[in-house]
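Since the structure comes first, as structure tokens, the remarks are kept for the end.
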Amino acid sequence: MPVVTRIAPSPTGDPHVGTAYIGLFNHTLAHQAQGRGEEGKFILRIEDTDRGRYVPDSEKRIFQMMQWLGLTPDESPLQGGPNGPYRQSERFDLYGEYARKLVESGHAYSAFETPEELAALREEAQREGRVIAVPSRDLDPAEAQRRVDAGEAAVIRLKVPREGETVVNDALRKPIAFQNTEIDDKVLLKADGYPTYHLANVVDDRLMGVTHVVRAEEWITSTPIHVLLYQAFGWPQPVFAHMPLLRNADKSKISKRKNPTSVEWYMEQGFLPEAMLNFLATMGWTHPEGLEIFDLAEFQRVFRLEDVTLGGPVFSLDKLKWMNGKYLREVLTEEEVAKRLHDYLAGQKHDLPDDDYFRAVVRMMIPRMDVFSEFLDKTPYFWSEEYPVNEKAQKLIEEGRSFLPELAARLKNLPRFDQATTDAALRAFAVELGLKPGKVMQPLRAAIAGTSESPGMFEMLEALGQARVVARVERAAEGR
RNA sequence: GGCCCCAUCGUCUAACGGUUAGGACACUACCCUUUCAAGGUAGCGAUACGGGUUCGAAUCCCGUUGGGGUCACCA
């Protein structure tokens with residue numbers, strides 16, 4: 001059975017994490033079919049029929065997000081494909097034709113109500129607790145056509161049956177029945193000639209051969225309109241599956257105000273796309289063997305639509321961070337982390353040399369960071385002599401004031417500066433002073449790092465090197 | 001408010017009529033230890049409520065409550 005899926009974002013702003021989330025499942029379903037040796041395609045279609053909300057570079061950024069995540073579509077406006085164009089604005093003529101077909105077959109009608117009239121009608125309907133009734137529906141079709149031909153402003157509306165019910169079959173739920181009296185005559189073609197989502201969506205899904213419509217739960221209530229459209233056109237319906245909505249901590253639909261929703265934010269923070277994907281996959285789904293960490297290929301291997309849970313998953317940045325740290329520590333190699341971090345920093349306009357020193361610092365910091373944006377914040381003393389010295393470090397330096405000059409001298413006279421040598425020297429020095437090693441090391445740490453929190457002493461000393469360490473200790477000893 | 005969806009620890013979830021209701025994040029304690037992490041061990045912590053069905057219900061049915069979504073010439 002061929003599986004053709006799609007995501008159909010509208011280019012109205014930042015590339016949204018919800019688009020990535022839904023994209024993950026659509027991409028996976030299509031690739032699973034390919035894996036089975038069947039036809040499988042994942043299409044990216046841009047729904048830019050709202051000229052008012054159009055943001056020019058949004059489309060490109062959505063595409064970049066998908067690529068970053070490794071969810072590259074098989075067909076899209078940027079790549080093209082046999083079913084193009086993939087921008088609805090470029091398919092403009094199509095929708096008018098299909099809308100008119102519906103008018104001709106009696107499934108739709110031209111309507112002439114002004115926005116003001118509609119507002120009044122809506123208010124009245126609201127009061128009476130029913131759905132809006134559009135007067136134009138009862139116009140004589142020939143008369144309506146004359147008015148359209150005369151150039152009167154009109155929209156085309158779906159003529160929803162006055163009786164019966166429309167059933168939505170959802171792969172994740174029991175059949176959902178909607179009374180037709182509860183469904184209003186939705187606009188299909190706007191006065192500006194552009195289609196609404198409902199029409200464009202159904203026409204394009206049909207023309208592009210989409211077999212599975214996997215989208216967010218917020219679309220459930222408009223699905224009966226789509227079902228009615230498929231029926232009016234005499235087309236078979238695709239499989240519908242409505243995924244749960246990603247949520248804020250208060251359970252409301254995930255939003256900009258309460259969560260970072262732009263995937264670009266996660267890129268800027270230095271999250272790994274693998275971790276992002278892994279985390280998103282666990283929103284509404286769990287690995288059957290209880291695996292927490294798994295890659296896209298593994299997800300594709302075991303994912304089943306019917307295993308999706310429907311409670312709205314709260315998007316937890318905490319858990320995402322933990323998972324990202326897990327990838328840093330346990331999935332990627334040190335070399336890979338260093339390479340990615342270097343690229344990340346370069347992208348942030350921090351040009352550090354990708355040398356042994358950099359890699360040594362990265363190695364020390366891997367267990368100490370969850371995302372790349374933490375790296376420089378936690379390591380100023382590795383990059384400059386102008387590193388900040390916090391209050392606690394200042395106090396520790398005072399405590400070590402008496403032995404810091406001598407310690408500087410000892411360190412300066414060490415023949416080598418490898419970990420074994422400094423380890424032995426420091427411990428011997430502590431014994432001489434009659435102090436516990438920590439009592440010596442804490443002031444030393446404060447002096448060379450400006451903070452009481454750092455990687456292990458000896459690897460840090462080795463990385464920093466004798467000259468730098470001695471200079472810093474001397475400076476601290478002199479209270480500079 | 002009408003319509004629709006949903007309901008297991010604070011959060012993500014496992015269980016698919018029979019388990020001391022399991023795991024992960026977070027939190028707490030301990031271990032490791034030169035600090036901070038990481039890692040290890042332990043702990044805290046849930047079937048919203050009320051009725052049924054059944055020998056037996058987190059699991060099936062009904063109701064209540066709660067949460068969410070949707071009611072545009074936006075998607």
Side-chain angles (χ1 to χ4, degrees), chain A residues 8-12 47-50 52-53 111 113-115 118-119 122 125-126 129-132 153-157 168 170 172-174 176-179 181-184 186-198 200-201 216-224 242 244-245 247 249-253 279 282-288 290-293 309-316 318-323 325 328-330 364-370 378 392-393 396 423 426-427 430 436-442 444-446 449 451-458 460:
Chain A
S10 52
T12 52
E47 308 229 337
D48 56 349
T49 56
D50 184 347
R53 296 203 305 157
E113 285 73 14
T114 64
L118 286 169
R122 231 185 307 274
Q126 184 97 328
R130 57 169 173 79
V131 123
I132 186 170
V155 301
I156 292 179
R157 285 180 181 273
V168 171
D170 184 296
L172 303 175
R173 297 170 178 76
K174 295 189 211 111
I176 307 165
F178 293 85
Q179 294 306 309
T181 50
E182 302 280 352
I183 306 170
D184 59 7
K186 282 279 182 281
V187 171
L188 265 19
L189 201 70
K190 306 181 228 177
D192 62 7
Y194 277 84
T196 57
Y197 170 82
H198 307 295
N201 180 267
E217 195 178 6
E218 56 188 331
W219 294 106
I220 284 184
T221 47
S222 48
T223 306
H242 291 90
L245 246 17
R247 309 295 185 96
D250 63 6
K251 294 281 189 181
S252 57
K253 173 165 85 167
F279 174 70
T282 65
M283 298 277 88
W285 182 84
T286 332
H287 192 286
L291 284 187
E292 294 280 342
I293 305 298
T309 56
L310 299 176
V314 172
F315 188 95
S316 163
D318 267 358
K319 189 147 186 183
L320 207 210
K321 278 185 185 166
W322 165 80
M323 194 171 270
L328 258 24
R329 280 174 253 118
E330 295 177 14
M364 288 185 273
M365 293 311 294
I366 284 174
R368 295 177 170 82
M369 64 176 165
D370 283 328
K378 294 188 174 198
K392 193 170 173 194
L396 284 165
D423 190 331
L426 246 30
R427 290 185 196 282
K436 284 198 277 192
K439 285 291 171 192
V440 174
M441 282 191 255
Q442 276 297 73
L444 174 57
R445 185 190 317 278
T451 166
S452 57
E453 300 174 9
S454 84
M457 177 59 72
F458 312 114
M460 180 166 56

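Every chain is numbered from 1, with letters handed out A, B, ... down the list of sequences.
Counting any heavy atom pair closer than 4.0 Å across all strands shown, A:Thr451 reaches no nucleic acid atom. Counting non-hydrogen atoms under 4.0 angstrom, A:Gly129 reaches nothing in the nucleic acid. Residue-level contact check: A:Met365 touches neither bases nor backbone, having no heavy atom under 4.0 Å from any strand. Backbone-only engagement by A:Gly311 is indicated by non-hydrogen atom pairs under 4.0 Å involving sugar-phosphate atoms exclusively.
Taking the C1' atom of each, B:A58 and B:A46 are spaced 10 Å apart, rounded to whole Å. Using P as the reference atom, B:U11 and B:A48 are 12 Å apart when rounded to the nearest Å. Distance check on atom C1': B:G67 versus B:U8 gives 15 Å, rounded to whole Å. If you take atom P in B:G10 and the same atom in B:U47, they sit 8 Å apart, rounded to whole Å. Only the P atoms considered, B:C30 is 48 Å distant from B:U70, to the nearest whole Å. Comparing B:C12 with B:G68, their P atoms sit 14 Å apart, to the nearest whole Å.
Using Watson-Crick or G-U wobble geometry with both donor-acceptor distances under 3.5 Å, B:G10 finds its partner in B:C25. Nucleotide B:C71 is matched to B:G1 when pairs are restricted to Watson-Crick or G-U wobble geometry with both distances under 3.5 angstrom. In this entry B:U54 has no Watson-Crick or G-U wobble partner, no candidate having both defining distances under 3.5 Å. B:U35 makes up no base pair with any nucleotide shown, lacking Watson-Crick or G-U wobble contacts both under 3.5 Å.
Using modelled atom types, one side-chain atom of A:Lys190 and one backbone atom of A:Thr49 make a donor-acceptor pair closer than 3.5 Å. Formation of a donor-acceptor pair under 3.5 Å by the A:Thr196 side chain with backbone atoms of A:Val187 is found in this model. Side-chain atoms of A:Lys378 do not come within 3.5 Å of backbone N or O of A:Met365 as any donor-acceptor pair.
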Reading nucleotides 29-41 of chain B 5' to 3', which nucleotides get B (base under 4.0 Å from a protein heavy atom), which S (sugar-phosphate only), which -? -----BBBBSS--

What string of B, S and - do you get for nucleotides 65-75 of chain B, 5' to 3', if B is base contact, S is sugar-phosphate-only contact and - is no contact with any protein heavy atom under 4.0 Å? --SSBS-SBBB

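Looking at every heavy atom in both residues, A:Pro11 comes nearest to A:Asp48 through CG-CB, 3.7 Å. Between A:Arg445 and A:Glu453, the shortest heavy-atom distance links the atoms CD-N, 4.3 Å.
Under the salt bridge (charged side-chain N to carboxylate O under 4.0 Å, His left out) criterion, A:Arg427 pairs with A:Asp423, sequence neighbours left out.
Side chain of A:Glu292, nearest nucleotide from B:A24, B:C4, B:C12: B:A24.
Between A:Arg329 and A:Asp370 there is a salt bridge, since at least one side-chain N of the basic residue sits less than 4.0 Å from a carboxylate O of the acidic one. Using a 4.0 Å cut-off between charged nitrogen and carboxylate oxygen, A:Arg173 and A:Glu217 count as a salt-bridge pair.
The aromatic rings of A:Tyr197 and A:Trp219 lie parallel to each other, with less than 30° between the two planes, well short of the 60° mark.
Under 3.5 Å, the side chain of A:Lys319 and the base of B:A26 form no donor-acceptor pair of N or O atoms.
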